[in-house]
Amino acid sequence: MSDRIGWFGILRLGLVQTALGAIIVLTTSTLNRVMVVELALPAMIPGALVGIHHVVQLLRPRLGYGSDMGGRRTPWIIGGMAVLALGGFTAAAATALMETQQGLGILLAALAFTAIGLGAGAAGTSLLVLLAKRVEEKRRGAAATAAWVMMIVGFIITAAVAGKLLDPFSLDRLVAVSGGVSLIAFCVAVAAVWGVEGTTPALADDTPKLPFRQALAQVWAEPVARRFTIFVFISMLSYSLQDLILEPFAGAIFGMTPGESTTLASVQHGGVLLGMLLVGFLSVRIGTLRQWTIGGCFASSIALLALALGGVVGETWPLRANVFFLGAANGAFAVSAIGSMMSLAGAGRASREGVRMGLWGAAQAIAFAVGGFLGTVASDAARAVLDSQIHAYAVVFAGEALLFIYSARLAAQAIVAADTVQVPLSTGEVLAHASES
């Protein structure tokens, strides 16, 4: 069997992302709404539960290490999807339980969201490593695009179908729909990944197997891996800072109604999808993933500076076009960065691909977890100091633009050709080489 997979194999693995997205969209959006509206619970409860899902992503390096030691990724993808599916179903059951036994329901939901984080981390990390190892270099940008577009497809299909099945709404119907979605998603993921990895052997018994902390320390000692981790954190922090302030900005400065500002979010996501598709189609022929990543960062900074200017100009500013451009720039940057991540996963010490991918996934999760909150804090702080909503938003958007410019600089330093990476040796390895010579 060839070591590389073609477009059919890429699309098959993309179905795992579709299945993963199908389960997550119900837990992070539908259950959130049910808790706040139907059950009249404080919004901080679903917020804290989603926060648990993000915090658990810190275990991604450890999960990646486990797949490295086994030498195969398929069992971790299937196992992760099983845990994710069980967590998604349990989260819906816990939400229904909150109606009669609130404390017990919240406790069960906390356990369910922990399982969701673990399952998504195990399956997602191993899936990216498998793509990185089996997709040839020139197709990695397109492969990253396919995986993320298919995850968005999972969001869209599940939201549409589940939305129809949930009416007329009842908590029992919520549990049934969630269970059905989780079961179907798991079966799709198993069918998609089955046989794609081939007969890749596990690590030989005589292969040195270091404890996790030493393996992580080895990866962190690699200059490229360390720089790329910092780049992922800063760039994804920049990416997520505007999540919770864009709609309030549209309402406060441009007078948009809640419905109008909600449609603005769809405009932005449409731009994200376009940016991803552009990288997927063009990166095979034009430029490198490094150039697309740097260009996406700079384009994002220009879009954010335009938003800062637009707030000062006022209602005559083409806000929708500006937001669409921001989404396209963000999408191009994000998917090219993920493609670069796949290229660099195998750059460095052998049998550490999972640890590297897990480290970068953890950096991304932390950035997403704190980014939206920091954006709101920065907005409130700027408003308090400047005593002007317009200038406060302008300062925050300009600050985000500067972070993206800094991210472009980090990308230029961190993203290098995989075959040029030098692996630093530990003291023990240096002594061993010396004794052999």
Closest non-hydrogen atom pair between [X] and [Y], with its separation:
| X | Y | value |
| --- | --- | --- |
| Met98 | Leu41 | SD-CD1, 3.6 Å |
| Leu237 | Ala367 | N-CB, 3.5 Å |
| Ala252 | Gln389 | CB-OE1, 3.4 Å |
| Leu241 | Gly371 | CD2-O, 3.2 Å |
| Ala22 | Thr158 | CB-OG1, 3.0 Å |
| Ala92 | Val175 | O-CG2, 3.7 Å |

Find out whether [X] and [Y] are in side-chain contact, i.e. whether some heavy atom of one side chain is under 4.5 Å from a heavy atom of the other.
| X | Y | value |
| --- | --- | --- |
| Met35 | Thr95 | yes |
| Leu264 | Arg320 | yes |
| Trp148 | Ile152 | no |
| Leu282 | Trp292 | yes |
| Leu118 | Thr114 | yes |
| His53 | Leu49 | no |

Would the distance check show the side chain of [X] and the main-chain N or O of [Y] forming a donor-acceptor pair, the cut-off being under 3.5 Å?
| X | Y | value |
| --- | --- | --- |
| Ser235 | Val232 | yes |
| Gln57 | Gly361 | no |
| Ser379 | Gly375 | no |
| Arg173 | Pro168 | yes |
| Ser238 | Ser407 | no |
| Arg134 | Ile5 | no |
| Asn322 | Trp317 | no |
| Thr145 | Val279 | no |
| Arg12 | Ala191 | yes |
| Gln242 | Tyr239 | yes |

Any chance you could measure [X], atom [atom1], to [Y], atom [atom2], to the nearest 0.5 Å?
| X | Y | atom1 | atom2 | result |
| --- | --- | --- | --- | --- |
| Leu326 | Leu246 | CG | CG | 7.0 Å |
| Leu304 | Asn330 | CG | CG | 7.0 Å |
| Ile157 | Met150 | CD1 | CE | 9.0 Å |
| Ile245 | Leu374 | CD1 | CG | 11.0 Å |
| Gln364 | Met357 | CD | CE | 11.0 Å |
| Leu104 | Leu97 | CG | CG | 5.0 Å |

When you check the gap from the basic side-chain N to the acidic O, do Arg352 and Glu222 get nearer than 4.0 Å?
-> no

Of Val153, Val149, Leu278, which is the lone residue that meets side-chain contact (heavy atoms from CB on, under 4.5 Å) with Leu273?
-> Val149

CA sep, side-chain torsions, deciding dist, call: Phe397, Val395, side-chain contact (heavy atoms from CB on, under 4.5 Å) | CA-CA 6 Å; Phe397 287 136; Val395 167; over 6 Å; no

What's the verdict on side-chain contact (heavy atoms from CB on, under 4.5 Å) for Thr74 and Val196, showing C-alpha distance, side-chain angles and the deciding distance?
-> CA-CA 8 Å; Thr74 301; Val196 174; over 6 Å; no

Taking it one step at a time, do Ile302 and Phe325 satisfy side-chain contact (heavy atoms from CB on, under 4.5 Å)?
-> CA-CA 9 Å; Ile302 292 171; Phe325 175 55; 4.2 Å; yes

Count the heavy atoms belonging to other residues, nucleotides or ligands that lie under 6.0 Å from [atom1] of [X], then report whether that count exceeds 12.
| X | atom1 | value |
| --- | --- | --- |
| Phe281 | CZ | no |
| Tyr406 | OH | no |
| Asp167 | CG | yes |

Residues Phe298, Phe333; criterion ring-ring contact (aromatic ring centres under 6.0 Å, His included); working and verdict = CA-CA 9 Å; Phe298 275 121; Phe333 137 73; over 10 Å; no

When you measure from the centre of the six-membered ring of Tyr393, is the NZ or CZ of Arg383 under 6.0 Å away and within 45° of the axis?
-> yes

Which of these passes salt bridge (Lys or Arg N to Asp or Glu O under 4.0 Å) with Asp68: Arg73, Lys133, Arg356?
-> Arg73

Is the distance between the ring centroids of Phe249 and Phe254 less than 6.0 Å?
-> yes

Mind checking whether Trp360 and Phe228 have parallel, tilted or perpendicular rings, split at 30° and 60°?
-> perpendicular

Derivation and outcome, side-chain contact (heavy atoms from CB on, under 4.5 Å), residues Leu11 and Leu15 | CA-CA 6 Å; Leu11 293 177; Leu15 282 173; over 6 Å; no

